[in-house]
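Right, one structure below, let's go through it.
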2 protein chains.
Amino acid sequence: MQRTYENVLGLLRDAGLRPTRQRLALGKLLFDGDNKHVTAEQLFGFAKQADAKVSLATVYNTLHQFKDAGLLREVVVEPGRSYFDTNMENHHHFFDEDRGELIDIPVELVSLLNLPEPPAGTTIQRVDIVVRISSRQGQ
Amino acid sequence: MQRTYENVLGLLRDAGLRPTRQRLALGKLLFDGDNKHVTAEQLFGFAKQADAKVSLATVYNTLHQFKDAGLLREVVVEPGRSYFDTNMENHHHFFDEDRGELIDIPVELVSLLNLPEPPAGTTIQRVDIVVRISSRQGQ
DNA sequence: GTGATTGCAAATCTTTTGCACTAAA
DNA sequence: TTTAGTGCAAAAGATTTGCAATCAC
């Protein structure tokens, strides 16, 4: 089920991305076998902790290259910040509004029926379900 | 069903917002009886067309005051831009990725079953379903 | 070598804020 | 009057871009 290349090198090669030092470092942080949701700023922080020398601009560029190559998916739940999700399977999310944290919901745990037809001339690209949760009471 | 105050003045008064010239102008543009989805920049443009003298900062501030007062709801579907929705009923959205346009989906047209339990200590605030559509082929 | 990639700083875009001015009650 | 609201310009925060230096092949 889960994407587990034994090495990031092969993953980058398969994606047609030149395996540079920076891409390898970021790829190792992202594709370690556990699904992750990171912002650019967070990944930049992780890279620093791991002593990987990568500029913030390169983190942004790399995230988008990974996304375009089909290795990541972008999730927009908050104004002014993007999350990148390493889980490429069809799934949905809880979004914890207090912590700013995403939690995967496997697609099998949700039954979505009876979507209306999309407008003529358009096709459905994706269905995103975001269940907003909070420690606050009520809705 | 639809919120139709005969005048925006009463709507603002009921919301506890002082009916200033700017709020009245923006309120008339927003609450004319048709549901709308606008960005701050768009509303600023409409105000200009209507010869309403309002600054962009005031448009932003007013949108958030209307939101806090329960007159609007914020929808985040694109990185770096917020839409404000005058439809306060429970509903979902198509998002046309080519046009950057939202289309309401009445909640009755969707059956969502079997959501998983939210994590302990949290409650569900809202469930947002965004059906991303495009004139491009496939998904 | 040669073209792709990176880093930095500057630019961009959306949104927020500080503060003197104006207007509603 | 008194206090809330506004406008402007500046600041902030996330993201993108131009370009010379560097790296992968």
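Numbered from 1 within each chain, the chains take letters A, B, ... in sequence-line order. Just so it is clear, the structure is predicted and the values come from calculations on it, not from any experiment.
Here P19(A) lies in heavy-atom contact (under 4.0 Å) with sugar-phosphate atoms only. Using a 4.0 Å heavy-atom criterion, one finds that T39(B) contacts no nucleic acid atom at all. Residue R81(B) is in sugar-phosphate contact alone, with no base atom involved, counting any heavy-atom pair closer than 4.0 Å across all strands shown.
L12(B) has its side chain within reach of F66(B): a pair of non-hydrogen atoms, C-beta onward, lies under 4.5 Å apart. When side chains are defined from C-beta on, I129(B) does not count as touching D128(A), because their heavy atoms never get closer than 4.5 Å.
A donor atom on one side chain and an acceptor atom on the other are found under 3.5 Å apart for D85(B) and H91(B). In summary, the side chains of S82(B) and E74(B) do present a donor paired with an acceptor at a separation below 3.5 Å, with no hydrogens or angles considered.
Distance Q22(B) CD to dC8(D) C1': 13 Å, rounded to the nearest Å. The interatomic distance linking E41(B) (CD) with dT16(C) (P) rounds to 13 Å, in whole Å. Counting to the nearest Å, the C1' atom of dA11(C) and the CG atom of N61(A) are 14 Å from each other. The distance from atom CG of L63(A) to atom P of dT17(D) is 15 Å, rounded to the nearest whole Å. Between the CZ atom of F44(B) and the C1' atom of dT15(C) there is a distance of 14 Å, given to the nearest Å. When the P atom of dT22(C) is taken as reference, atom CZ of R18(B) falls 16 Å away, rounded to whole Å. Here the C1' atom of nucleotide dT15(D) and the CZ atom of F84(A) are 10 Å apart, to the nearest Å. Straight-line distance from the CZ atom of R21(A) to the P atom of dA21(D): 18 Å, rounded to whole Å.
Listed nucleotides: dC8(C), dA9(D), dT15(C). Nearest to the side chain of A57(A): dC8(C). Residue S82(A) places its side chain closer to dT15(D) than to any other of dT6(D), dT15(D), dG7(C). The listed nucleotides are dT6(D), dT14(C), dT16(D); the one nearest the side chain of R23(B) is dT6(D).
Along DNA chain D, the nucleotide nearest to T20(A) and the one nearest to H64(A) differ in position, and the one closer to the 5' end is contacted by H64(A).
Taking only side-chain nitrogens and oxygens, Y60(B) comes nearer than 4.0 Å to OP1 or OP2 of dT15(C). In this structure, S55(A) reaches the dG7(C) phosphate: one of its side-chain N or O atoms is under 4.0 Å from OP1 or OP2.
Of the options V59(B), T20(B), L43(B), T62(B), a side chain to side chain contact (heavy atoms under 4.5 Å, CB included) to V54(B) is made by V59(B) and by none of the others.
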